[in-house]
Amino acid sequence: MPIGDLLPEIVVLLGAVGCLLMALALPLRAQTAGALLAIACCLAAVMLAWRAPAGAHASFAGHLMIDEATRIGRLTVLTITAAAAALAPSWFEGDRRHGEYYALLLLATLAAMLLAATTDIAMLLVTVLFGSACAYVLAAYHRAWAPSVEAGMRLFLIGAVSNTLMALGTVLVLGMAGHTSFTALAAMPAIAPLTGIGIALIMLGLLFELGAPPAHAWVPDVTQHAPLPSVAFLTIAPKVAAAIALARLLGAMPDAGAAAAPAMLALSVIAMTGGNLLALVQRDARRLIGWSSIAQAGYALIAMTAIGRDATAMAALLSFLIAYAVSNLAVLAVIAHWRGRTTAVELAGMGRQMPISAAVLIAALFSLVGIPPLAGFVGKFGLFRLALDNGQVWLAIAGIANSALSLAAYARLFVPIVFGTARSEALTLGRAPAMVVAITGAGLLVVAALAASLLAR
């Protein structure tokens, strides 16, 4: 059990403890120092994760897998956390007591990092429960604003049901199989019916983290009413980690993966179509992005239909996840930079008042659609090619059709931005959000090259 395998997670844990102690000790006017510590810890963990030895090996008694998927998951989650921490000080400027926020953010990051690396069902349950406990507070951090508290409560209620079913599934698997390791489960000659039910319940818990049907109803409310730094984290980091964990679970047990493939296929089409159709009728930009996030989860589920049967499925999934992460982050960073403007009236004319950030927003929306040469095109191309290679032509067609449908939904955002007439002066949130906007704007092209390299391997 080499401690070096967990150095990035250890740095994040120590950073969370440091942020909490700083929040207790520093005066209220200095609470922003927690953001600087959180960003520094994320950057240090990124360096450690980037320099980790190549190759794949099991660690800590087989509970963790250190491989390319773990590395991508760590880097993506840490980057999202650093961006959320950079957005937070300006967003919480009116909240004199927000030092604890950064500790919660880092603890949720720790849970997501471990979730992306775990190869044990009991460990899956622990990380999901740990991350969910932090997510509830992050979503409701505007504790004096009723809609934010309501969004956090909805996340809590849906999470409580999903996590309870996941715990029940873990008990069933442990009771029937006698162990919870992916490797040991894969070596079983046959899966008993109760064991199969347990695995299905565990998958339901991961679908909750992924923000996919049938445990998706929290996503639009949290996206609309939670603090934007929390939204930037909750709609990306747990989704990335859960997708990797679900792929590991299905890939470790080919029989279970084959049995689950029809369900994954149906959920993929439901999430893509339902998410885009409901995004099409939204009037609030943040709620539109929430339904879009559900649709994006549907695209990720395309890879789940081939995990365990196609060696390129994991690479296609990872390339899509990093493309989605930078695209969604760019959209939310611009909205934060514009001080939370979300309605068509508020967004009207921003293309002329704030041309650079407006260009980043439009480019990010085009990336979510999958328009070349942006990151989203590479990510979706890998998924659609995977579906075609596995004979699922109509699934690829459904994905392409939903991408076209999403363009109509996103037009509700960029049409007033480009062609509308401004009715008020454009005010921004500050330098840190502007920096996040600039970095994510550049990342739309940089990540495209990274995603293409993953597909080429």
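- For the 3.5 Å distance criterion, the side chains of Asp284 and Thr342 qualify, holding a donor opposite an acceptor.
- The backbone N or O of Ala306 lies less than 3.5 Å from no partner atom in the side chain of Asp310, so there is not a single donor-acceptor pair.
- Side-chain contact check for Pro213 versus Leu207: every heavy-atom pair is 4.5 Å or farther apart.
- For Ile417 against Ala358, the heavy-atom pair with the smallest separation is CG2-CB, 3.9 Å.
- Counting only heavy atoms from C-beta outward, the side chains of Met203 and Leu249 approach each other to under 4.5 Å.
- No donor-acceptor pair closer than 3.5 Å links the side chain of Ser367 to the backbone N or O of Leu444.
- Residues Ile10 and Ile3 meet the side-chain proximity criterion, which asks for heavy atoms closer than 4.5 Å.
- Not one N or O on the side chain of Thr305 forms a donor-acceptor pair closer than 3.5 Å with the backbone of Leu301.
- Across all their heavy atoms, Ala184 and His179 have their closest contact at CB-ND1, 3.4 Å.
- Smallest separation of non-hydrogen atoms from Gln31 and Ala23: NE2-O, 3.5 Å.
- Around the CH2 atom of Trp50, the shell of radius 6.0 Å holds no more than 12 heavy atoms that belong to other residues, nucleotides or ligands.
- Both cation-pi conditions hold for Lys380 and Tyr299: the charged atom is under 6.0 angstrom from the six-membered ring centre and inside a 45 degree cone around its axis.
- Environment of CZ in Phe156: sparse, with no more than 12 heavy atoms of neighbouring residues, nucleotides or ligands closer than 6.0 Å.
- For an aromatic pair to be called close, the ring centres must be under 6.0 Å apart, and Phe366 with Phe414 satisfies this.
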Requested in this report: Report the C-alpha distance between Ser406 and Gln296 in whole Å, list the side-chain angles of each, state the deciding distance to 0.1 Å, and finish with yes or no for side-chain hydrogen bond (donor to acceptor under 3.5 Å, both in side chains).
Outcome: CA-CA 10 Å; Ser406 68; Gln296 299 295 327; 5.7 Å; no
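- Taking a cutoff of 4.0 Å between a charged side-chain nitrogen and a carboxylate oxygen, Asp389 and Arg309 do not qualify as a salt bridge.
- Under the 3.5 Å distance criterion, the side-chain polar atoms of Arg286 are matched with a main-chain donor or acceptor of Thr223.
- For the atom pair Thr119 OG1 and Phe182 CZ, the distance stands at 6.5 Å (nearest 0.5 Å).
- Proximity of Leu321 to Ile72: side-chain heavy atoms (C-beta onward) are nowhere separated by under 4.5 Å.
- Within the 3.5 Å criterion, the main-chain N or O of Leu288 finds no donor-acceptor partner in the side chain of Gln282.
- Using modelled atom types, one side-chain atom of Thr127 and one backbone atom of Leu124 make a donor-acceptor pair closer than 3.5 Å.
- Side-chain contact check for Val12 versus Pro8: every heavy-atom pair is 4.5 Å or farther apart.
- In this structure, Gly15 and Leu37 approach most closely via the heavy-atom pair O-CD2, 4.0 Å.
- By the 4.5 Å heavy-atom criterion applied to side chains, Leu6 and Ser59 are not counted as neighbours.
- The shortest side-chain heavy-atom distance between Asn276 and Trp291 does not fall under the 4.5 Å cut-off.
- Side-chain atoms of Trp91 and Pro433, non-hydrogen and from C-beta on, never get closer than 4.5 Å to each other.
- Ile244 CD1 to Glu68 CD: the interatomic distance, rounded to the nearest 0.5 Å, is 10.0 Å.
- Summarising the geometry, atom CG belonging to Leu78 is positioned 9.5 Å from atom CG belonging to Leu48; distances are rounded to the nearest 0.5 Å.
- Between Leu368 atom CG and Ser327 atom OG the span is 4.5 Å, to the nearest 0.5 Å.
- Here the straight-line distance linking atom CD1 of Ile121 with atom CD1 of Ile202 works out to 4.0 Å at 0.5 Å rounding.
- A donor-acceptor pair under 3.5 Å is absent between the side-chain atoms of Ser90 and the main chain of Leu87, judged by distance alone.
- Using modelled atom types and a 3.5 Å distance limit, the side chains of Ser181 and Asp120 yield no donor-acceptor pair.
- At most 12 heavy atoms of other shown residues, nucleotides or ligands fall within 6.0 angstrom of atom CD in Glu150.
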Output a table of donor-acceptor pairs, distance under 3.5 Å, between side-chain atoms of residues 224-239 and any protein atom two or more places apart or on a different chain; print 'none' if there are none.
| residue | atom | partner | partner atom | Å |
| --- | --- | --- | --- | --- |
| Gln224 | OE1 | Arg287 | NH1 | 2.9 |
| Ser230 | OG | Tyr101 | OH | 2.8 |
| Ser230 | OG | Leu138 | O | 2.8 |
| Thr235 | OG1 | Val231 | O | 2.7 |
| Thr235 | OG1 | Asn328 | ND2 | 3.3 |
| Lys239 | NZ | Leu210 | O | 2.6 |
| Lys239 | NZ | Ser293 | O | 3.4 |
| Lys239 | NZ | Ser293 | OG | 3.3 |

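- Within the cation-pi definition used here (under 6.0 Å to the ring centroid, within 45° of the axis), Arg385 does not qualify as a partner of Phe381.
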Requested in this report: Please step through side chain to side chain contact (heavy atoms under 4.5 Å, CB included) for the pair Tyr141 and Ser148, ending with a clear verdict.
Outcome: CA-CA 7 Å; Tyr141 209 82; Ser148 178; 5.8 Å; no
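- When only modelled atom types and interatomic distance are considered, Arg74 and Thr79 share no side-chain donor-acceptor pair under 3.5 Å.
- Distance check: Leu104 CG to Cys134 SG gives 5.5 Å after rounding to the nearest 0.5 Å.
- Residue Ile356 qualifies as open at atom CD1: its count of foreign heavy atoms under 6.0 Å is 12 or below.
- Within a 6.0 Å radius of CZ in Arg143, other residues, nucleotides and ligands contribute more than 12 heavy atoms.
- Although no hydrogens or angles enter the test, the distance criterion places a donor-acceptor pair under 3.5 Å between the side chain of Arg248 and the main chain of Ala116.
- No donor-acceptor pair under 3.5 Å is formed between the side chain of Thr76 and the backbone N or O of Gly73.
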Requested in this report: Output, in order, the C-alpha distance, side-chain angles, deciding distance and verdict of side chain to side chain contact (heavy atoms under 4.5 Å, CB included) for Thr118 and Met65.
Outcome: CA-CA 6 Å; Thr118 185; Met65 176 62 68; over 6 Å; no
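- Using modelled atom types, one finds a donor on one side chain and an acceptor on the other under 3.5 Å when comparing Tyr410 with Ser292.
- Within the 6.0 Å centre-distance limit, the rings of His142 and Phe92 are counted as a close aromatic pair.
- Using a distance-only test at 3.5 Å, with no hydrogens or angles considered, no donor-acceptor pair links the side chain of Ser268 to the main chain of Met264.
- Smallest separation of non-hydrogen atoms from Ala38 and Tyr102: CB-CB, 4.3 Å.
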Report task. Go through the steps for Gln392 and Leu386 under the test side chain to side chain contact (heavy atoms under 4.5 Å, CB included), then give the verdict. Result -> CA-CA 9 Å; Gln392 298 170 329; Leu386 177 68; over 6 Å; no
Requested in this report: Start with the C-alpha gap between Leu157 and Arg154, add the side-chain angles, then the distance that decides, and say whether side chain to side chain contact (heavy atoms under 4.5 Å, CB included) holds.
Outcome: CA-CA 5 Å; Leu157 292 174; Arg154 176 163 294 195; 5.9 Å; no
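- Of all the heavy atoms in Tyr136 and Leu155, the pair that sits closest is CE2-O, 3.6 Å.
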